[in-house]
Amino acid sequence: RILYAAFSIAACLALLFVARRFMPADFALLAALLIAVAAPRSHFEQLLFGYRYLVFAAIVLLFFHLRLSRDDARWLFPAGLFAGIALFFRLTPAFAVSVGVGIGIMAASRSWQRWLRDGLWYSAGLILVWIPILIWFAGSVGLEKFWIEMVVRPVEMTALQSRPFPPIV
């Protein structure tokens, strides 16, 4: 529980820092406080299980913001590192932030050379985290078992846990 509490606190702080870059400070604080209020409930709500790991996605977005504000593609390397760490914990937030960064890279420039350079920096960070993990899983349980446990099973669990929308009327 201490680990989950640490993730929840870190998610609130990371959201505050990311939101302060895009909106007034009072709205950013409100967003972080709303996440803080919802944090204890996330432990009981399996549907929201992955949101405590959004701290890594928020850190990725902070590094992406540094890449955009300083026009230095090297900031995408640590963004890729944290996306790789996020992918180790939960597939959905890591995939969503990676797609968002990819779209952001394409929206920031119309040059395909910059897209390629930025994508390579981001991918290098991801690969640096995931090569040792894949080697370890390949040697211990096998890549087929890894694929089933890391991708297939969580997707199936999410499908089973999804709640129907209540009727509007």
Side-chain angles (χ1 to χ4, degrees), residues 7-25 27-32 34-35 42 47-139 142-159 162:
F7 273 123
S8 296
I9 292 168
C12 295
L13 292 174
L15 178 67
L16 177 66
F17 287 121
V18 169
R20 292 272 322 252
R21 306 237 184 233
F22 301 110
M23 62 182 68
F27 288 121
L29 179 61
L30 176 64
L34 287 173
I35 292 294
S42 73
L47 189 62
L48 303 174
F49 181 75
Y51 108 94
R52 68 175 65 111
Y53 302 120
L54 287 178
V55 63
F56 299 114
I59 293 170
V60 170
L61 291 176
L62 283 172
F63 282 119
F64 184 60
H65 171 74
L66 289 171
R67 184 263 173 258
L68 293 176
S69 65
R70 298 183 182 173
D71 198 29
D72 187 358
R74 292 176 294 181
W75 284 107
L76 288 173
F77 180 74
L81 286 174
F82 278 98
I85 294 168
L87 187 60
F88 182 71
F89 282 100
R90 187 81 172 183
L91 184 65
T92 313
F95 178 75
V97 78
S98 294
V99 169
V101 167
I103 291 170
I105 288 170
M106 290 189 285
S109 172
R110 293 182 186 248
S111 168
W112 66 269
Q113 290 96 348
R114 288 189 79 170
W115 295 352
L116 182 62
R117 183 190 68 210
D118 289 356
L120 287 174
W121 277 108
Y122 191 77
S123 299
L126 270 169
I127 290 169
L128 187 65
V129 170
W130 270 92
I131 290 295
I133 292 170
L134 287 175
I135 290 170
W136 183 70
F137 274 113
L143 292 178
E144 182 181 0
K145 181 74 170 171
F146 167 75
W147 177 258
I148 290 169
E149 291 296 322
M150 191 68 183
V151 178
V152 175
R153 187 169 173 231
V155 169
E156 287 297 320
M157 285 178 16
T158 302
S162 295

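All of these numbers come straight from a predicted model, not from anything done at the bench.
- Around atom CZ of R20, no more than 12 heavy atoms belonging to other residues, nucleotides or ligands sit under 6.0 Å away.
- The stretch residues 118-136 participates, sequence neighbours left out, in these salt bridge (charged side-chain N to carboxylate O under 4.0 Å, His left out) pairs: R67-D118.
- Rounding to the nearest 0.5 Å places CG of L16 at 11.0 Å from CG of L30.
- The heavy-atom pair separating A83 from A94 by the smallest distance is O-CB, 3.8 Å.
- For F17, the CZ atom sits in a loose shell: 12 or fewer heavy atoms of surrounding residues, nucleotides or ligands are nearer than 6.0 Å.
- Just one residue in the list L81, L76, I127 forms a side-chain contact (heavy atoms from CB on, under 4.5 Å) with Y122, and that residue is L76.
- Every side-chain contact (heavy atoms from CB on, under 4.5 Å) that L116 has, sequence neighbours left out, goes to W112, L120.
- Residue F64 holds its CZ atom at 10.5 Å from OG of S69, rounded to the nearest 0.5 Å.
- To the nearest 0.5 Å, the span separating CG on L66 from CG on L61 amounts to 11.0 Å.
- Counting only distance, with no hydrogens or angles, the side chain of W121 and the backbone of W75 share no donor-acceptor pair below 3.5 Å.
- Ring geometry for F137 against F88 counts as tilted: the plane angle lies between 30° and 60°, on a 0 to 90° scale.
- When all heavy atoms of M150 and W130 are compared, the pair lying nearest together is CE-CH2, 3.9 Å.
- Residue F89 places its CZ atom among more than 12 non-hydrogen atoms of other residues, nucleotides or ligands, all under 6.0 Å distant.
- Here CG of L128 is found 12.0 Å from OG of S123. Values are rounded to the nearest 0.5 Å.
- Heavy-atom neighbours of E144 CD from other residues, nucleotides or ligands within 6.0 Å: at or below the threshold of 12.
- Atoms OG and CG, on S109 and L68 in that order, are 10.5 Å from each other to the nearest 0.5 Å.
- F56 and I85 make their closest contact through CE2-CG2, 3.5 Å (heavy atoms, listed as atom of the first residue, atom of the second, distance).
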